[in-house]
Protein chains: 2
Amino acid sequence: MNIGDVADLSGLPAKTIRYYEDIGLVEPLRSANGYRSFRQSDVHKLAFLGRARALGFTIEDCRSLLKLYADTDRASAEVKQIAEEHLDRIDRKIAELTEMRATLSHLVDACAGDHRPNCPILADLAME
Amino acid sequence: MNIGDVADLSGLPAKTIRYYEDIGLVEPLRSANGYRSFRQSDVHKLAFLGRARALGFTIEDCRSLLKLYADTDRASAEVKQIAEEHLDRIDRKIAELTEMRATLSHLVDACAGDHRPNCPILADLAME
DNA sequence: ATAAGGGTTCCATTCACTGGAAGGTCAACA
DNA sequence: TGTTGACCTTCCAGTGAATGGAACCCTTAT
């Protein structure tokens, strides 16, 4: 299969698939004409990557997850640890954003948003 | 004032302050020895930037906010619009993360996390 | 004289792509 | 057979917002 078909099947842009080969996440074969030739297993791997990335795992997480997936002797504890660390990252990020949101929405509510220059948002940023 | 003092006062790393000068957010004077010489107004501006960045505004937002702050004829509506757009970005990001979190936490709960290879997390990623 | 602790510039790296240029390959159609 | 258009290839540069490091200059104290 050529890269365009794989892009359609996996939902990943061709550019991204080439990038994933670059950094060693997939190793498609090559046809005589130099085109990448993807096996069914490559397509499967790329779909796996797409879903892992959609869950926010980093590329390095994905690399580890793929390795664990390929290792039938893995301990599920290893997978779970990666996922739990990622869950923590997400929770911290949500907490950070939620705090920003609270402050910001408070300021937005306080701002008249009309033609006059007086503005509590700027006042807060300037610590006036 | 030298950059180190300003870094201490504003809470921004010296590297970041140099970067902000690079991209035209501040324009400190220079002493005879070539050192940056920060006025009170520069320090104030940098503190403003630090707070705006802490609220998650982009650098370009910060540039606009600084311009509005300097313009005593501004309409508060302009400030409010920037803040509201940012609030939307934050809300979208929180929604995205919350959805990731839900899926991921579901998978983590389903995973035994022991020495056995069976793993619902990998199974889900592989769409098995 | 020299050492410590400032400061300076410039270049490379981060993360995960994405855009674009320049060019090779292939299938279909006139 | 020629050519068009849709593929494919590689390589280089840019994104955002810094951060790390090298190599070097300035100031002050010992």
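Values in this document were obtained by computation on a predicted structure and should not be read as measured data. Sequence lines set the chain letters: A, B, ... in the order given, protein chains first and strands last, and positions in each chain run from 1.
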Q: What residue among A:Glu85, A:Glu78, A:Glu84 forms side chain to side chain donor-acceptor pair (under 3.5 Å) with A:Gln81?
A: A:Glu85
Q: Taking all non-hydrogen atoms of both residues into account, name the closest pair between A:Tyr20 and A:Arg53 and its distance.
A: OH-CG, 3.5 Å
Q: Can you measure A:Arg18 atom CZ to D:dT9 atom C1' for me and round it to whole angstrom units?
A: 7 Å
Q: Grab the CG-P distance between A:Asp8 and D:dA6 for me, whole Å please.
A: 15 Å
Q: Please figure out whether B:Asp5 or B:Lys15 has its closest DNA chain C nucleotide nearer the 5' end.
A: B:Asp5
Q: Between B:Arg53 and A:Ala14, who's closer to the 5' end of DNA chain D by nearest nucleotide?
A: A:Ala14
Q: Rounded to the Å, how far apart are B:Glu21 CD and C:dG7 P?
A: 14 Å
Q: Can you say whether a donor on the side chain of A:Tyr35 sits under 3.5 Å from an acceptor on the base of C:dG24, or the other way round?
A: yes
Q: In this structure, how many angstroms lie between the P atom of D:dC25 and the CZ atom of B:Arg36, rounded?
A: 17 Å
Q: Provide, to the nearest angstrom, the distance between the CG atom belonging to B:Asn2 and the P atom belonging to C:dG5.
A: 17 Å
Q: Take the protein atom OH of B:Tyr20 and the nucleotide atom P of D:dA18, then report the distance between them rounded to whole Å.
A: 3 Å
Q: How close do A:Ser10 and A:Ala47 get, counting heavy atoms only, and between which atoms?
A: CB-N, 4.3 Å
Q: Can you tell me how far P of D:dT19 sits from CD1 of B:Ile59, to the nearest Å?
A: 11 Å
Q: Mark yes or no for whether A:Arg36, through its side chain, and A:Ile3, through its backbone, hold a donor-acceptor pair below 3.5 Å.
A: no
